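All ligand and atom numbering here is 1-based and tracks the order in the structure. It should be emphasised that the depicted structure is a prediction, and the values quoted were computed from it without experimental measurement.
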Amino acid sequence: MELITLKSPREQEAMRRAGRITAQARALAGSMVRPGMSTKEIDDAVRRFIRGKGAEPSFLGYGGFPASTCISVNEVVIHGIPSRKTVLREGDIVSVDVGAFIDGFHGDCAATYPCGAISEEARRLIDVTRQSFWEGFQFAKAGQRVSDISHAVQQYVEKHGYSVVRDFVGHGVGAKMHEAPEVPNFGPAGHGARLQPGMAIAVEPMVCAGDWHVKVLRDGWTTVSEDGSLTAHYENTILITEDGPEITTVTEDGAYE
Ligand code: MG
C-alpha cells in the first residue's frame with residue numbers, strides 16, 4: 001500500500017504557494033463563465049495565467065489529458081475536455097477543476113459556476129454540493145479517520161435528495177497530484193487512515209441530482225451521469241495542521257471559489 005506522505009514545514013509553504021495560484025486560476029475560470037464563451041477560451045486563459053505565475057498546469061499531459069483544466073458542463077460530472085466546440089449557454093452549470101504545480105508541489109481545486117440565469121434546481125444542486133464539502137471539512141482534523149469526512153459528505157448530500165458519485169474519489173495531494181489516501185465521498189464513519197498533522201488531502205464531492213451511476217465517454221475522459229441528470233463538483237486542497245484544517249487553495253483575499 002502506498003504510504004501517506006507528511007509534509008515538512010518547508011513543503012507546507014510550497015503547498016500554500018501552489019494552492020494560492022490554483023485558487024486564483026479557479027476564480028479566473030469562474031469569472032469567464034458566461035453565455036457564448038467556449039470552454040477552450042477559458043482553458044487558454046487559465047494556462048497562460050498559471051505559467052505567468054511561474055507554475056505549471058498540473059493537469060496538462062497528466063495521463064495524456066490534453067488541457068490545463070477540466071471543464072464539465074451540466075450532466076458532465078468531471079474530466080470534461082475544453083473545446084472550441086463547447087460553447088456555454090444561458091442556464092448551464094459549469095464545473096471547473098484545475099491544478100497548479102510550483103516548487104515541487106501541487107494544488108487541486110474545483111467549483112461549479114452558473115452561466116447566466118440558472119434554474120432554482122440547478123442553484124440548489126450547486127449550493128448543496130458546496131456545503132457538503134464544508135460538512136466534510138469539519139472532520140479534516142488530526143485524530144479523525146478519513147471516512148469521517150466521507151460519511152459527513154454523503155449524509156448531507158443524501159439528506160437533500162441527491163447522490164454522491166462512487167467511481168471517483170478525493171485523494172492525498174503533494175509532490176504528486178494524486179497520492180494516498182483515497183478520500184471517498186461515501187461510506188460509514190470510523191474507517192481509513194487516521195489524519196495527522198502534515199498530511200494534505202483534496203476533498204471533492206461530486207454530486208448528481210439523480211442517480212449516482214456515471215459512465216466515461218469514448219474519448220476516455222468525459223464522465224457523465226448515466227441518467228443524464230445535472231451534476232456539480234466542489235473541491236479544495238486541505239492541509240492537516242496542529243491547529244486544525246487549513247485550505248491551501250484560497251486566493252489572497254480569502255476566496256474559496
Ligand atoms: Mg482532485
Enquirer: What's the OE2-the Mg ion (ligand 1)-OE2 angle here (E204, E235), rounded to 10 degrees?
Expert: 90°
Enquirer: How close do K176 and H106 get, heavy atom to heavy atom, and via which atoms?
Expert: C-CD2, 3.5 Å
Enquirer: N/O/S of D108 less than 2.8 Å from the Mg ion (ligand 1)?
Expert: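 Yes, D108 qualifies, because one of its backbone or side-chain N, O or S atoms lies under 2.8 Å.
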Enquirer: If the cut-off is 2.8 Å, does any N/O/S atom of H171 fall short of it from the Mg ion (ligand 1)?
Expert: yes
Enquirer: For residues I247 and F133, determine if any side-chain heavy atom of one lies less than 4.5 Å from a side-chain heavy atom of the other.
Expert: yes
Enquirer: Distance to the ring centre below 6.0 angstrom and angle to the axis at most 45 degrees; does that hold for R166 and F186?
Expert: yes
Enquirer: Would you say the ring centroid of Y62 lies under 6.0 angstrom from that of H178?
Expert: yes
